[in-house]
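Count residues from 1 along the sequence. All heavy atoms count here, side chains included; hydrogens, waters and symmetry mates do not.
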Amino acid sequence: TLLLRLVGVREGREIYWYLTNFLPEHGMTPVDIRAIYKQRWSIEQFFKAWKHVLQGGKFFCYNTNGIKLQMYASLCAFVLVRTLVAQSAARYRFTPDAIGFERAASVVRCWMYHHGERIWNLRPRQSVLDDLLCQIAAYGRSPPAFPPANKREKVPA
């Protein structure tokens, strides 16, 4: 038999319910369980971004070393984009959450396409990085192109 525990945690007006196998004798409080599930959700979001935006699930090589190298390269790209967003947010005073990872990666990809020859100089100028941070900030401060799905108005035919 599998023993489960239903846990409810109130945050403001919301109550979050979790069905878990952490029993009271494990020493886990409902607040601890809420924190664990929050962390788990952030991990799920990371893997979603890694698979969909960086195409982490598509392998060019199927031997162990090739897969490891591709995973490390895409993880480095993930960290690079997140770092650029954080630097841009600090410089241009917006919250890093204002621009999603997919949007930021798209800005970096387009910028690299248009400025590729300037990137690979042996001594790249600071202005090159400043330009990229400015581009990210422009997307971080602007609203998304479309409103969220639940707030869209129907257009009369």
Look up atom [atom1] in [X] and atom [atom2] in [Y], then write down how far apart they are to the nearest 0.5 Å.
| X | Y | atom1 | atom2 | value |
| --- | --- | --- | --- | --- |
| S42 | K38 | OG | NZ | 10.5 Å |
| F60 | L69 | CZ | CG | 12.5 Å |
| L75 | K68 | CG | NZ | 13.5 Å |

With side-chain contact (heavy atoms from CB on, under 4.5 Å) as the test, pick out the partner of V53 among R103, K48, R109. R109
Partner of V85 by side-chain contact (heavy atoms from CB on, under 4.5 Å), out of L80, D97, I99: I99
Of all the heavy-atom pairs spanning [X] and [Y], show the shortest one and how long it is.
| X | Y | answer |
| --- | --- | --- |
| A137 | Y92 | CB-CD1, 3.4 Å |
| M71 | W50 | CG-CZ2, 3.8 Å |
| V9 | P30 | CG2-O, 3.3 Å |
| P24 | R5 | N-NH1, 3.7 Å |

Non-hydrogen side-chain atoms of [X] and [Y] separated by less than 4.5 Å:
| X | Y | result |
| --- | --- | --- |
| N21 | L3 | no |
| I33 | T29 | no |
| L6 | W17 | yes |
| I36 | F22 | yes |

I136 vs V108, side chain to side chain contact (heavy atoms under 4.5 Å, CB included): CA-CA, chis, key distance, verdict: CA-CA 8 Å; I136 292 172; V108 172; 4.1 Å; yes
For atom CD of E102, decide whether the heavy atoms of other residues, nucleotides or ligands shown that lie under 6.0 angstrom number more than 12. no
For Q39, side-chain hydrogen bond (donor to acceptor under 3.5 Å, both in side chains) partners two or more places apart: none
Suppose we call two aromatic rings close when their centres sit under 6.0 Å apart. Are F46 and F101 close by that rule? no
Short side-chain to backbone donor-acceptor contact, [X] and [Y], under 3.5 Å:
| X | Y | value |
| --- | --- | --- |
| H26 | L23 | yes |
| Q135 | V107 | no |
| S88 | L84 | no |
| R10 | I15 | no |

Take V79 and T83, measure what side chain to side chain contact (heavy atoms under 4.5 Å, CB included) needs, and give me the verdict at the end. CA-CA 6 Å; V79 170; T83 302; 3.9 Å; yes
In chain order, what residues pass the ring pair (Phe, Tyr, Trp, His ring centres under 6.0 Å) check against Y37, with sequence neighbours excluded? Y18
